[in-house]
Amino acid sequence: QVQLVESGGGLVQAGGSLRLSCAASGRTFSGYLMGWFRQAPGKEREFVAAIRWSTGSTYYADSVKGRCTASRDNAKNTVYLQMSSLKAEDTAVYYCAAHMAGWRTPVDAREYNYWGQGTQVTVSS
């Protein structure tokens with residue numbers, strides 16, 4: 001019912017910035033929590049940030065707090081992840097995801113219902 005498409009990834013030098021976008025379509029999203037996850041080779045998918053459509057409330061993993069900002073444009077059905085002060089350890093495929101259940105803010109990827117295909121972020125040392 002929901003389609004998510006990420007964009008904005010690429011190659012960036014350490015200390016640089018990127019803004020990732022996730023365009024959502026297929027239905028309304030007023031009750032959804034939108035999450036950002038990342039997955040590096042050989043590692044499990046890791047929670048990065050989340051934002052609630054209705055309120056704009058944001059949540060961040062400790063690993064990125066202070067360096068990432070999640071935002072949304074409800075009129076465009078698009079969420080963003082602004083990333084700055086990037087480090088080599090931020091290199092991963094970044095995914096957006098949608099969670100439909102209640103007021104919880106899960107950090108477990110298995111609790112999200114819809115996923116995009118991901119966009120590669122590579123940070124060079």
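Note: W36 CH2 to L81 CG = 6.0 Å, rounded to the nearest 0.5 Å. From R72, atom CZ reaches atom OG of S21 across 15.0 Å, with rounding to the nearest 0.5 Å. Taking CZ of F47 as the reference point, atom OH of Y59 lies at 9.0 Å (rounded to 0.5 Å). Here Q120 contributes atom CD and T91 contributes atom OG1; the two are 7.0 Å apart, rounded to the nearest 0.5 Å.
Both V48 and M83 belong to a single network of hydrophobic side chains, linked directly or stepwise wherever heavy atoms of I, L, V, M, F, W or Y lie under 4.5 Å apart. Follow the hydrophobic side-chain contacts under 4.5 Å out from V79 and you never reach W115; the two are in separate clusters. Taking hydrophobic clusters as Ile, Leu, Val, Met, Phe, Trp and Tyr residues chained together by side-chain heavy-atom distances below 4.5 Å, L4 does not share a cluster with F37.
S25 is not listed as a side-chain neighbour of V5, based on a closest heavy-atom distance of 4.5 Å or more. Side chains of Y95 and Q39 form a contact here, defined as non-hydrogen atoms less than 4.5 Å apart. Under the 4.5 Å side-chain criterion, counting only non-hydrogen atoms from C-beta, V107 is not in contact with E46. Side-chain contact between Y80 and I51 is absent, with no heavy-atom pair separated by less than 4.5 Å. Inter-residue side-chain proximity for Y32 and M100 is flagged as met; some heavy-atom pair is nearer than 4.5 Å. Inter-residue side-chain proximity for E6 and L20 is flagged as unmet; no heavy-atom pair is nearer than 4.5 Å.
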Query - Check against side chain to side chain contact (heavy atoms under 4.5 Å, CB included), V64 and R38 - result: CA-CA 11 Å; V64 302; R38 65 187 182 186; 3.9 Å; yes

Query - Evaluation steps, side chain to side chain contact (heavy atoms under 4.5 Å, CB included), between Y60 and T69 - result: CA-CA 8 Å; Y60 301 99; T69 302; 3.9 Å; yes

**Report entry** side chain to side chain contact (heavy atoms under 4.5 Å, CB included) evaluation trace for E89 with V123
**Finding:** CA-CA 8 Å; E89 64 193 62; V123 183; over 6 Å; no

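Considering every non-hydrogen atom in both A70 and A49, the closest pair reads CB-CB, 4.4 Å. Of all the heavy atoms in G26 and Q3, the pair that sits closest is CA-OE1, 3.6 Å. The two atoms that bring T105 and R52 nearest to each other are OG1-NH2, 3.5 Å, heavy atoms only. The two atoms that bring T78 and A23 nearest to each other are OG1-CA, 4.0 Å, heavy atoms only. For the residue pair G8 and T119, the shortest heavy atom distance occurs at N-OG1, 4.2 Å. Nearest heavy atom pair, residue A88 against residue S125, reads CB-OG, 3.6 Å.
Within 6.0 Å of atom CD in Q117, 12 or fewer heavy atoms from other residues, nucleotides or ligands are found, so the atom counts as exposed in its surroundings.
A salt bridge does not link D90 to K87: none of the charged side-chain nitrogens sits closer than 4.0 Å to a carboxylate oxygen.
For the pairing with M34, the side-chain contact (heavy atoms from CB on, under 4.5 Å) check across Y112, Y114, W53 returns one residue only, W53.
For the pair H99 (side chain) and G35 (backbone), a donor-acceptor distance under 3.5 Å is absent.
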